[in-house]
Amino acid sequence: MVQVSIISILLIISTFLIGCVESGPPEWNLTLASGEQEEHLTLADLQSMPSFTGNGYLISTVGIRYGPFTGKGVRITDIASRLGGLGETDRLYIYGSDGYLWVIDSIQACGQEYITFDTDLKELHNKTVIPVLMYESDGKILTQEDGGPVRFALLTEEEGIITEGSAWVKWISRIEMHR
Ligand SMILES: Nc1nc2c(c(=O)[nH]1)N[C@H]1C(S)=C(S)[C@@H](COP(=O)(O)O)O[C@H]1N2
Ligand SMILES: [Mo]
């Protein structure tokens, strides 16, 4: 009797442990919303879309520099196209899973009108950046600490251009088209 209950307790414990290992963290997905319509993209969906690879280098409000590194992701203009395209007066609302929100218009979606600096932190004017949903940094999947699995990023063709960190929305979870 005692042996039977020990075996059943072990069975229950092992089932529980296997359950824990199998469940893991919930799978990430991105909600794209336009009016009443919603679409959900997995990381694999994003990785199968055309990508852009370029230079990433940001500075936080308190002056911490992250980079330089090579970032890879899907252009925000390609995401906007999936949502029917971004007109002159439309806006994209880009949300992090913590509720952080960054709003861009069609000019910013095309990479203009961002604050950029050279490596001496002298402000540069009229620099075009390439805004992407970044899922890779220096060839590796983005960590949670770096805003992964997917972060809004301002990449550049040219090296040595620093962008202002507040646009780099971490833990992207939802993008809404507002017309
Ligand atoms: N989801 C999310 N993304 C975010 C933020 C945030 O609070 N939540 N802070 C922004 C700001 S203000 C900066 S400067 C950069 C870098 O912030 P960190 O140094 O706190 O990582 O991330 C940006 N992305
Ligand atoms: Mo910031």
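Each residue takes its place number in the sequence, starting with 1. Start at 1 and go down the list; that is how both ligands and their atoms are numbered.
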Note the single closest protein heavy atom to atom 19 (O) of ligand 1, along with its residue, its atom name and the distance in Å. Y66 OH, 2.7 Å
among protein heavy atoms, the one nearest atom 24 (N) of ligand 1 is W168 O, 2.9 Å
Quick one: sort the Y93 and Y95 rings into parallel, tilted or perpendicular, breaks at 30° and 60°. tilted
Nearest-contact summary for atom 15 (C) of ligand 1 - protein heavy atom, Å: G165 O, 3.3 Å
Side chain, backbone, both or neither: which part of Y100 comes within less than 4.0 Å of ligand 1 when only heavy atoms are counted? side chain
W171, any N or O under 3.5 Å of ligand 1 N or O: no
Near V169, which atoms of ligand 1 are under 4.0 Å from a heavy atom of that residue? 3 (N), 24 (N)
Is it true that, when you exclude E38 itself, more than 12 heavy atoms of the residues, nucleotides or ligands shown sit nearer than 6.0 Å to its CD? yes
Answer yes when E113 and K127 have at least one side-chain N-carboxylate O distance shorter than 4.0 Å, and no when they do not. no
Test applied, side chain to side chain contact (heavy atoms under 4.5 Å, CB included); reference residue, V129; option that passes from T116, L155, N55: T116
For ligand 1, find out whether one of its N or O atoms is nearer than 3.5 Å to an N or O atom of S60. no
Just jot down the ligand 1 atoms closer than 4.0 angstrom to any heavy atom of T61, in number order. 14 (S)
Regarding D45 and T42, do their side chains bring together a donor and an acceptor under 3.5 Å, going by distance alone? yes
For F152 and ligand 1, answer yes if some heavy atom of the residue is under 4.0 Å from a ligand atom, otherwise no. no
Ranked by distance from atom 18 (P) of ligand 1, the top protein heavy atom is K170 NZ, 3.5 Å
Any nitrogen or oxygen of S166, main chain or side chain, under 3.5 Å from a nitrogen or oxygen of ligand 1? no
Is the count of non-hydrogen atoms from other residues, nucleotides or ligands lying under 6.0 Å from N126 atom CG greater than 12? no
Kindly confirm or rule out an N or O of D98 lying under 3.5 angstrom from an N or O of ligand 1. yes
Strictly by modelled atom types, are S166 and E164 linked by a side-chain donor-acceptor pair under 3.5 Å? yes
Compute the minimum heavy-atom distance from R151 to ligand 1 and say whether it is under 4.0 Å. yes
Whether the W28 and S173 side chains hold a donor-acceptor pair (N or O, under 3.5 Å, no angle test) is what I'd like checked. no
Identify the heavy atoms of L142 and E136 that sit nearest to each other, and give their distance. CG-N, 4.3 Å
